[in-house]
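See structure below.
No hydrogens, no waters, no symmetry mates; every other heavy atom, side chains included, goes into these values. Please read all numbers here as calculations on a predicted model, not as lab measurements.
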Amino acid sequence: MVLTLGKMNKVVKDAMEALRGIQDGMTVMFGGFGLCGIPENCISALVELGIKDLTCISNNAGVDEFGLGLLLRKHQMRKMIASYVGENKEFERQLLSGELQVELIPQGTLAERIRNGGAGIPAFFVPAGYGTEVQGNKEVREFNGKMHVLETGMTADFAIVKAKYGDTRGNLIYNYTANNFNGPMATAGKITIAEVEELVPYGELDPNHIHTPGVFVQRIFQGTNYEKRIEFTTTRN
Amino acid sequence: MVLTLGKMNKVVKDAMEALRGIQDGMTVMFGGFGLCGIPENCISALVELGIKDLTCISNNAGVDEFGLGLLLRKHQMRKMIASYVGENKEFERQLLSGELQVELIPQGTLAERIRNGGAGIPAFFVPAGYGTEVQGNKEVREFNGKMHVLETGMTADFAIVKAKYGDTRGNLIYNYTANNFNGPMATAGKITIAEVEELVPYGELDPNHIHTPGVFVQRIFQGTNYEKRIEFTTTRN
Amino acid sequence: MALDKNGIAKRIAQELRDGYYVNLGIGIPTLVANYIPEGMDVTLQSENGLLGIGPFPEKDKVDADLINAGKQTVTYLPGAAFFDSAASFAMIRGGHIDLTVLGAFEISEQGDIASWKVPGKLVKGMGGAMDLVAAAKNIIVALMHTDKEGNSKLLKKCTLPLTGVKCVKRIVTDLAVIDITPAGFKLIERAPGVSVEQIVSATEAHLIVEGDIPEMKI
Amino acid sequence: MALDKNGIAKRIAQELRDGYYVNLGIGIPTLVANYIPEGMDVTLQSENGLLGIGPFPEKDKVDADLINAGKQTVTYLPGAAFFDSAASFAMIRGGHIDLTVLGAFEISEQGDIASWKVPGKLVKGMGGAMDLVAAAKNIIVALMHTDKEGNSKLLKKCTLPLTGVKCVKRIVTDLAVIDITPAGFKLIERAPGVSVEQIVSATEAHLIVEGDIPEMKI
């Protein structure tokens, strides 16, 4: 494999090396929707590292025995920020016992807050949540005859994403619906880690097809042993 | 060519048919950066139609004999909204004579206003323009120790974009830096017209590589006689 | 006779128009996909980043990278496009989706909808529902007219936490098609064999009944 | 001796670091690309939607779809990526570009920059300059120390309409390298053969001079 010589070579050996510098109490974004497109290798490494008191930002909280459920089981999460947290009994238990805090955000607002965190837009108005609990004490304003709520951009200490293809400079291409929150989150980490199924030398990916330009990615590695578990297998007949 | 049967078939014959319903005084977005990626066929058809008093939103105003310069020469523009309008003597003349109004907007703010117009975000804060003429009477607010200006989303009666490839359902793929303002503008037209160099049956474009999903495009056609003029040809030696 | 879930889905399918882009929620709304009229070209959007949902895959074509918003494995149709979650909700929020069909716990005569939270029960989250109801041009709600104890779900005011305010345009229940007008609920159609009186008595809020109310054609 | 434009570009190139993503403005800043130190891996961003600008193309490889922000035909390097203008400025505004180099008419001791408009002259527009100066982490301005009449461009206060306020970190002129500190302009280096006195007299604002001022190594 031809690697970049200097610091543009963002390749690290594995999830352990990629997570260098992560600390208890940090805020971490995890790409994925349900179990689709989640950074499996880094989640496992975080369990191994035993990092605690994490604030996790992810659309969902995984299931009991997979995805972010693995961090839950080890009590490594202090707070979960998500749009939907079903499918997880341990989550339920920790929430009811008060061990875990949860902040629920409408999915589109969550995606846009992350996108805008990465895009240097500190605040913006959306219609979602107006007149609901989500509005809370937020500023509201009418535009074009419709009420809107002021939401803020969101970043994280680490953003951990998963892509199908990546190159040594951090350019990423996602597969099908495994793009989901990975694309926006890749832009919003102070440090963004990408784990990929196939790592190729830079220059091999078509520059017209890059979903996440390498500028957003600080560390990248080729993951191993992807399980890619399916939450609900539905088939024709 | 296999065409969609129903209304998902967005194919029209040519620029003339694509522009059906356009009227004097309308606001029209034109994709492109300089002369790169501009909708040549629709600009020519607009000249032929003689539509007047247009408010044109485009990063640039073309050159004297090409691009939006063709509309200027025929006095079809009432107002130009752009970030940079150099390279055009007739523009200069009409501006000084008062025939033409111009509104200059920082390029990134322009791109984001268009993106947000298409994304249903009516207003958002950006740092660009704070403390300058661009700030004007706009609301300002401090976030993270830095002053920001409140800008608004922007839409148009028609958005006219140009892509390299398109399919019969309006999915678009741009080429190199010819994406530029085409991508955001495609989302912001009440009616979005796409002219493409190569129109293919739906199903032929890789769904992972679509830049503009067809939902944003109402009319599409394969353009002809692309000149693709270059503003500054620079070569090695 | 009151409709079953498939009957409700069938009736909602009649609201589809050629060329529509549609987001179908989980539950009854998902069933609408089974009743898209022959020859009608409707594109289904899944908010996790797919425009052009196809049927469930053959057993050997299941792909973990290809799911719908209900996390079920799906396929994509020719002409589909994939995109990220921010782009997906830009599409929704920007009004580019013609129709959203979703379920609910309660609907008020103002068009308010409650669909995500029951105090005292575990809250799973609103997912994309608040974004969808706040932004879709046209929102149809599919629900049973009453709960299992016979309490009406069509209320003067919702009792549960709201998902959105003044957004629902039309309701299709097991008993009726009802529009939300500035004056409140208005009866449009009856389920086959269901009387106006039955519908009125199953509706807590006032129901506007004008002239003869036709039966649904299912 | 005062530097010429290429000399200024050479000196600015010394500010580059391995792994930097850099946006170079039109004029002197563009010349910086010619002096990227051997073996240093720097990626150039063009705000019209390219990360990884290559050299000008061979005559037969010119492509109208492949230009830089100055509208000149360019090439792209292996590992490049293309994107739209909104994504490009999201990258800039979000602070993902390490260094922006641009020209200016005037700089104030507060770090204000005026670079886009001269009242009475035709205004062409600010292009992406306001976005770049408002958002880049690190901004270096390349300019001649004085205008043709000998008037200083390094002022207590800018006289021309501003492009951005309190944003410039460092200035490289034909005479000197100067930092903008909370206390004002501070002399860092002299052009070869140029005296501190020459620089002070060419600077309208107060210039902080502490200790021996080294000569640039070009």
Problem - Donor on one side chain, acceptor on other, A:Y174 and C:D65, under 3.5 Å - result: no

Could you check whether A:R78 and A:T55, counting side-chain N and O atoms only, form a donor-acceptor pair closer than 3.5 Å?
yes

Kindly say whether [Y] contributes a backbone atom to a donor-acceptor pair with the side chain of [X] at under 3.5 angstrom?
X      : Y      : answer
A:Q135 : A:G131 : yes
A:T132 : C:L162 : no
C:D174 : C:H145 : yes

Max heavy-atom pairs within cutoff under 4.5 Å with chain A, candidates C:G49, C:P55, C:S46, goes to C:P55

Most heavy-atom pairs under 4.5 Å with chain A, out of C:L122, C:L50, C:V165, C:T163, belong to C:L122

Any side-chain heavy-atom pair of [X] and [Y] under 4.5 Å:
X      : Y      : answer
C:I188 : C:I178 : no
C:H206 : C:F185 : no
C:L44  : C:N23  : no
A:R93  : A:E99  : yes
A:I57  : A:V28  : no
C:L16  : C:L99  : yes

Residue among [options] with most heavy-atom pairs under 4.5 Å to chain C:
options                        : value
A:N180, A:N182, A:V85, A:V102  : A:N180
A:I114, A:N116, A:I105         : A:I105
A:R113, A:K146, A:H211, A:H148 : A:K146
A:K164, A:R229, A:E231, A:M147 : A:E231
A:T234, A:L104, A:L95          : A:T234
A:G108, A:A82, A:A128, A:G34   : A:G108

Quick test of your reading of the model: are A:K228 and A:E197 salt-bridged, counting only N-O distances below 4.0 Å?
yes

Which portion of [X] sits near chain C, non-hydrogen atoms under 4.5 angstrom:
X      : result
A:L110 : neither
A:N59  : neither
A:L35  : neither

- Query: Looking at A:Y130, does the NZ or CZ of C:K166 lie under 6.0 angstrom from its six-membered ring centre and within 45 degrees of the ring axis?
  - Reply: no

So, the part of C:A69 with a heavy atom under 4.5 Å from chain A: the answer is both

Cut-off 4.5 Å, heavy atoms of chain A, and the answer for C:D112 is neither

Among residues 124-133 of chain C, those lying within the under-4.5 Å heavy-atom range of chain A are C:K124, C:G125, C:M126, C:G127, C:G128, C:M130, C:D131

Among residues 75-92 of chain C, residues within the sub-4.5 Å heavy-atom range of chain A, in order of number, are C:T75, C:Y76, C:F82, C:F83, C:D84, C:S85, C:A86, C:F89

Could you tell me which non-hydrogen atom of [X] sits nearest to which non-hydrogen atom of [Y], and how far apart they are?
X      : Y      : answer
C:A114 : C:P161 : CB-O, 3.4 Å
A:F30  : A:C56  : CE1-SG, 3.6 Å
A:I81  : A:M154 : CG2-CE, 4.1 Å

